[in-house]
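Presented below is the structure to which this report refers.
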Amino acid sequence: SRWEEEKKEDGVKWTQLEHRGPYFAPLYEPLPDDVQFYYDGKPLKLSLATEEIATFYAKMLDHEYTTKEIFQNNFFNDWRKEMTSAEQDIIKDLDKCDFREIHKYFVDKSEARKALSKEEKQKLKEEADKIQEEYGYCILDGHREKIGNFKTEPPGLFRGRGNHPKMGMLKKRIMPEDIVINCSKDSKIPEPPEGHKWKEVRFDNTVTWLASWTENIQNSLKYIMLNPSSKLKGEKDWQKYELARRLKGVVHKIRAGYRADWKSKEMRKRQIAVALYFIDKLALRAGNEKEEGETADTVGCCSLRVEHIKLHPKLDGQEHVVEFDFLGKDSIRYYNQVSVEKLVFKNLQLFMKNKDPGDDLFDRLNTVILNKHLQKLMDGLSAKVFRTYNASITLQEQLKALTNSEDSVAQKLLSYNRANRAVAILCNHQRSIPKTFEKSMQILQTKIDAKKQEVEKAQEELKKAEEEFEDTKDAKAEANVEKKKKLLKRLEEQLARLNVQATDKEENKQIALGTSKLNYLDPRISIAWCKKFGVPIEKIYNKTQREKFAWAIDMTNEDFEF
């Protein structure tokens, strides 16, 4: 199969790479004359560049972001920089700006798009497919591979996650002049749009990206990469899980090692041992150093500060409780109360001694030191392998504990989602309750109520049929009883299925299952489970996910053990 073609020499990722270059976001279309911006109650015609940026803000008026002061200030500062001097003289106060008419214009536009006829929608889809065909694929070593994100991001306002200090800043339009193209020397080199040229064309076969640029807000590099379903990404994914499976063989030794190091004479060894215990037991991220002020103040295990934990000798009937409260990746709050081993507790008391709240908890430690230590314990081991390992092993154990082979497919799926939830909770994958949650829950409840009435009616009809059979004892009446029994059974099954759905929905409202499913769980565990219990794979993985995990679907049978 294509997963097992010949290996290349180390570091070389491809011998041939040919593509069309990125597809650029469409140019700005000016507002119609009857849609106006008002300043201090009076209409004001804006220059094109200023108007475009105004539309970015206007589109977001109904969003929580535009109510935040940081967002407003950053937007207004960046917007003023792009104004003409005449505009700068007039527009001095965001509160006097009225974007409502522009906002309404875009809302109406989007409503009109939703209201298009089937044929018109189909036409738009065909146009999009044509672009996808032309720009969305590359040739890599003779295979036609799908590209992940072949379109450049359109300009707009930076959102960031959590309370990002740069939210509201202007994300500039990406031009061909910003773009570095990567392809093979002998390929047909992509043409830049007319009148433009690329920043650079390079032929680097040790990397897998096709194009890159620096975005203006964080000055970070962005890449156009292959789609997750491509051979290259599939192999990388497979290797990731094989690495985690190798950890399974040595994890007992590693655990014994860090437990012994809690008593080490060396402070640094003790800190490594406690940090590793957290990473292993609580699936914390390692926590890299970050530029101050540049990014949101988020931490991981190694960068925890004294203020992020509280120690309770006793709490709610448990001993040696550590209370964690910090913002992790993407400003997602991690809050947990964990009863830890006595030695860990004593060490934490020691690490916190004579320190201020803002001091590092693990002052002798950073991710580089930690990962060097891990590399010595097992080749290729780093902190994040523990997250993959613990997530996958948890799923496998929970599936074993929760699945009952006699259950209906709906019940089995509930068990699967419960196992997946255990992983999401371990990894702290939260989501805000979806806006539509209440509404869709009500719709489901209405369905349940209606089905209950159908069941009651069917029960009454069955009772009647049985009475009739008692009276007459004839074959026709007997057949009728059987018919009514079947109907009742079917309706009861439908009701049970709806109830399971409601339970699942409720338990799931604040938990994001997708993150772990795509990134932390060896797909072979789920595929083996599906085969073993007769659950269609489509019930677990949608089309995109099935493409991403094609490598696993190809090779897994029901007795796979992680």
Side-chain angles (χ1 to χ4, degrees), residues 19-37 44-61 63 66 74-76 78-88 91 97 99 101-114 116 120-121 123-137 147-159 168-181 189-201 210-217 221-224:
H19 57 94
R20 284 288 314 261
Y23 183 79
F24 289 92
L27 294 172
Y28 176 61
E29 284 180 32
L31 294 171
D33 289 334
D34 58 346
V35 176
Q36 291 184 308
F37 166 77
L44 180 61
K45 185 76 184 140
L46 301 173
S47 67
L48 216 53
T50 308
E51 178 186 279
E52 179 178 11
I53 298 164
T55 64
F56 300 156
Y57 194 84
K59 282 176 185 171
M60 289 177 72
L61 277 193
H63 209 292
T66 47
N74 284 338
F75 159 72
F76 199 60
D78 275 6
W79 189 31
R80 280 183 55 84
K81 285 180 207 155
E82 306 297 320
M83 290 177 186
T84 63
S85 54
E87 286 167 335
Q88 282 172 345
I91 303 174
C97 297
F99 301 94
E101 212 168 275
I102 305 176
H103 175 75
K104 185 180 179 317
Y105 169 72
F106 285 107
V107 170
D108 293 347
K109 218 171 144 165
S110 119
E111 290 302 319
R113 244 200 325 272
K114 283 181 201 157
L116 287 176
E120 290 169 307
K121 278 185 181 159
K123 214 177 117 197
L124 287 176
K125 189 184 177 309
E126 280 163 14
E127 283 166 24
D129 289 348
K130 212 175 112 191
I131 295 169
Q132 167 85 45
E133 277 302 308
E134 194 175 334
Y135 287 89
Y137 291 89
I147 299 170
N149 51 333
F150 63 93
K151 295 179 173 174
T152 61
E153 284 182 33
L157 304 179
F158 178 70
R159 300 187 176 196
M169 284 187 173
L170 176 62
K171 233 167 61 174
K172 295 209 159 88
R173 181 178 289 276
I174 295 148
M175 302 301 279
E177 284 71 14
D178 302 318
I179 293 208
V180 178
I181 293 284
I189 291 168
E191 293 280 327
E194 202 150 328
H196 290 278
K197 51 182 191 298
W198 303 122
K199 179 178 180 177
E200 184 195 334
V201 175
L210 286 60
S212 88
W213 64 92
T214 303
E215 54 87 35
N216 66 295
I217 297 203
L221 280 164
K222 294 268 187 180
Y223 299 98
I224 287 183

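Rounding to the nearest 0.5 Å gives a distance of 13.5 Å between NZ of K151 and CZ of F24. Within the model, atoms CZ of R20 and OH of Y137 stand 15.0 Å from one another, a figure rounded to the nearest 0.5 Å.
Panel note: side chain R80, backbone I91; a donor-acceptor pair is recorded below 3.5 Å. Between the side chain of H196 and the backbone N or O of P176 there is no donor-acceptor pair closer than 3.5 Å. Without hydrogens or angle criteria, N216 side chain to K172 main chain gives a donor-acceptor distance under 3.5 Å. At least one donor-acceptor pair under 3.5 Å links the side chain of W198 to the backbone N or O of P190. Counting only distance, with no hydrogens or angles, the side chain of S212 and the backbone of V180 share no donor-acceptor pair below 3.5 Å. W79 places a side-chain N or O within 3.5 Å of a backbone atom of T50 that can act as its donor or acceptor partner.
Checked by atom type, the side-chain pair Y28/E51 shows a donor-acceptor distance below 3.5 Å. For the residue pair E87/S47, the side-chain donor-acceptor check at 3.5 Å is satisfied.
Note on K171 versus E153: salt bridge recorded, some NZ/NE/NH1/NH2 to OD/OE distance being below 4.0 Å. E177 has no carboxylate O lying under 4.0 Å from a charged side-chain N of K197, or vice versa, which leaves the two without a salt bridge. Here E111 pairs with K114 in a salt bridge; the nearest charged N to carboxylate O distance falls below 4.0 Å.
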message: Would R173 and E52 count as a salt bridge (Lys or Arg N to Asp or Glu O under 4.0 Å) here? Give the steps.
response: CA-CA 11 Å; R173 181 178 289 276; E52 179 178 11; 3.2 Å; yes
